[in-house]
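Here's the structure, in structure tokens; my notes come after.
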Amino acid sequence: MVSLNPIRIMKNNADEEKAEVARLSSFVGAMAIGDLVKSTLGPKGMDKILWGMGSPNGSVEVTNDGATILRAVGVDNPAAKVLVEMSRVQDSEVGDGTTSVTVLASELIREAEKLIDMRIHPQTIITGWRLAAKAAKEALEKSAIDHSSDDALFREDLMNIARTTLSSKILSQHKDFFSNMAVDAVLRLKGSGSLDAIQIIKIQGGSLDESFLDAGFLLNKKVGMFQPQRVENAKILIANTPMDTDKIKVFGSRVKVENISQIAEIELAEKEKMKDKVDLICAHDMNVFINRQLIYNYPEQLFADKGIMAIEHADFDGIERLALVTGGEIVSTFGHPEMVKIGKCDLIEQVSIGDETLLKFSGVPLGEACSVVLRGATEQIIGEAERSLHDALCVLTSTVKEPRTVYGGGCSEMIMAKAVDELASKTAGKEAKAMESFANALRQLPSIIAENGGYDSAQLVSEMKALHVLGKNTVGLNMYEGKTGCMTELGITESFSVKRQVLVQAAEAAEMILRVDNILKAAPRPRKEDRGMC
């Protein structure tokens, strides 16, 4: 006799969501993530306060960067996690467009929900979306402009891209000032695209427009007592070695001595060991010693006697970058001086910025090295300024590698939507419905940007759609006056690589979520009660 009761094959705590329930769960999670960051999109977007409760006082961040917001929000929905991960990849790949990619993916899912309600199969929707994404990408490539052959025009393109990127950030009030700074820093890289050569230093106090770009390298450390405060033609030995063993530190063991003089002998032996180590270090052809770890008083005194500038406790990120820009290497042993690469620079001197005293390394061999000093009233303002400037630097370096540019202000989205609509009108079958939904999702981006500015999004987007059909392919949103305008005249330009990445990643992520018809939740690992005595 066969039982007709459902048979459970999974463990007690394991869970399963099937068919419509699983699809609805995925859709709701993806749309909720889109709604969370939607209000931060565009030049009139709002900021979010991220209040971390882990530390005793609670850390506070004020930001409108999509990747930063999503990184801080703990999500439990699997589809939401897909969008969070996609935003993180967008941030690491091109540096900007993190909010756009999340919003576009969630709008695609919103459109898919309507199509599913019309009894169109997910695979049919995916087929239509793939054709639409291909048509949109081709339209974007055709609309791209390349000025890399003309240095003056290319610099103007970079300035416009930096202004557009910064216009939605905290630096929007000083966007010309910071755009110029970012472009100067990136052009110093001479096409290498290595942001390691650009150091960002945050110093509280003053206002944002007191920030500046400094050629060379700045290290936020002080020189040891009675040592040279200024060194010309510096030869720098960069090390990561303990220089704090001139005192007895014997942990977990017991030393038995007959009298106090034997302790003095042990201390003397430790001092001799340290003196020998300092002599080994000084045997190198150098006049500046920079150590990752502490330098205690006795070795500091020995370095001072020999006229060597010694700097202690340089953070690891600092000495990694210092080794890069001075052409040296980080060493831990000193037995073979002839095998060690010594860093060089023309001048090391102390400079004062606000209340801080920093060491400035001028004339470093890596000519593209530079430091950006950010000033600001509070830690939150400087932190957000650093994130904004980092986004601009990432976008500019990707533009130097891929010099094509496209128009911003929703113009590119309207061009892509128009191309997709034209393809849908020639396509027979249900795939045409999916293509139209893809075009609608693309038009949602300029619509949300307009809404965040408090403007009539329906009116503005319909105007843009009509003008693009009439052949005016440079029309986009003028968010300063709340009307449509020519993006060429307004100088609203975006990087082609950022726009392409937004389109491709959002389409792939939405397709992945749409394919889901079952969610299996694994049973948690059983935890045994610890009966051990504390």
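Small disclaimer: the values here were computed from a predicted structure and weren't measured. Every heavy atom of this structure was used, including side-chain atoms; hydrogens, water molecules and symmetry mates were not. Numbers for residues simply follow the sequence, beginning at 1.
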Supply the atom-to-atom distance [X] [atom1] to [Y] [atom2], rounded to the nearest 0.5 angstrom.
X	Y	atom1	atom2	value
I200	I198	CD1	CD1	7.5 Å
S100	Q505	OG	CD	12.0 Å
K483	Q459	NZ	CD	13.5 Å
I353	E210	CD1	CD	11.5 Å
N64	R387	CG	CZ	9.5 Å
K38	I449	NZ	CD1	12.5 Å

Is [X] salt-bridged to [Y], going by a charged N under 4.0 Å from an acidic O?
X	Y	answer
D391	K169	yes
D421	K418	no
R110	E113	no
R500	E141	no
R130	E511	yes
E463	K465	no
D91	R71	yes

Heavy-atom closest contact ([X] atom, [Y] atom, distance):
X	Y	result
C411	H468	O-CE1, 3.7 Å
T99	V37	CG2-O, 3.4 Å
L208	F178	O-CZ, 3.3 Å
V420	A132	CG2-O, 3.4 Å
S168	G42	CB-O, 3.3 Å
I69	L50	CA-CD1, 4.1 Å

**OP:** Please collect all salt bridge (charged side-chain N to carboxylate O under 4.0 Å, His left out) contacts where either partner lies in residues 142-156, sequence neighbours excluded, each pair once.
**Re:**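 Residue pairs with at least one partner in residues 142-156: R155-D184, E156-R163.
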May I ask you to check whether [X] and [Y] show a side-chain donor-acceptor distance below 3.5 Å?
X	Y	answer
T164	E494	no
S39	K48	yes
Y407	T488	yes
S59	W51	no
Q199	S371	yes
Q90	T98	no

Original post:
Between E107 and I448, is a side-chain contact (heavy atoms from CB on, under 4.5 Å) present by the stated rule, with each step listed?
Top reply: CA-CA 11 Å; E107 289 301 326; I448 291 164; 3.9 Å; yes
Original post:
Between T399 and V395, is there a donor-acceptor pair closer than 3.5 Å when you use the side chain of the first and the backbone of the second?
Top reply: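 Yes, the answer is positive, given that a donor and an acceptor are paired below the 3.5 Å cut-off.
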Original post:
Just by modelled atom types, is the R443 backbone N or O under 3.5 Å from a matching donor or acceptor in the S447 side chain?
Top reply: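 Checked: no pair found.
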**OP:** Check whether any side-chain heavy atom of L166 sits under 4.5 Å from a side-chain heavy atom of S388, and report yes or no.
**Re:**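 SC-SC contact between L166 and S388 confirmed.
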**OP:** Begin with the C-alpha distance, continue with both residues' side-chain angles, and end with the deciding distance and a verdict on side-chain contact (heavy atoms from CB on, under 4.5 Å) for M487 and V475.
**Re:** CA-CA 6 Å; M487 297 295 101; V475 172; over 6 Å; no
Please output the side-chain donor-acceptor pairs of residues 426-434 that fall under 3.5 Å, not counting sequence neighbours, one pair per line with the distance.
residue : atom : partner : partner atom : Å
T427    : OG1  : L423    : O            : 2.7

For residues 117-125, which side-chain N or O atoms pair as donor and acceptor with protein atoms under 3.5 Å away, sequence neighbours left out?
residue : atom : partner : partner atom : Å
H121    : ND1  : Q123    : N            : 3.0

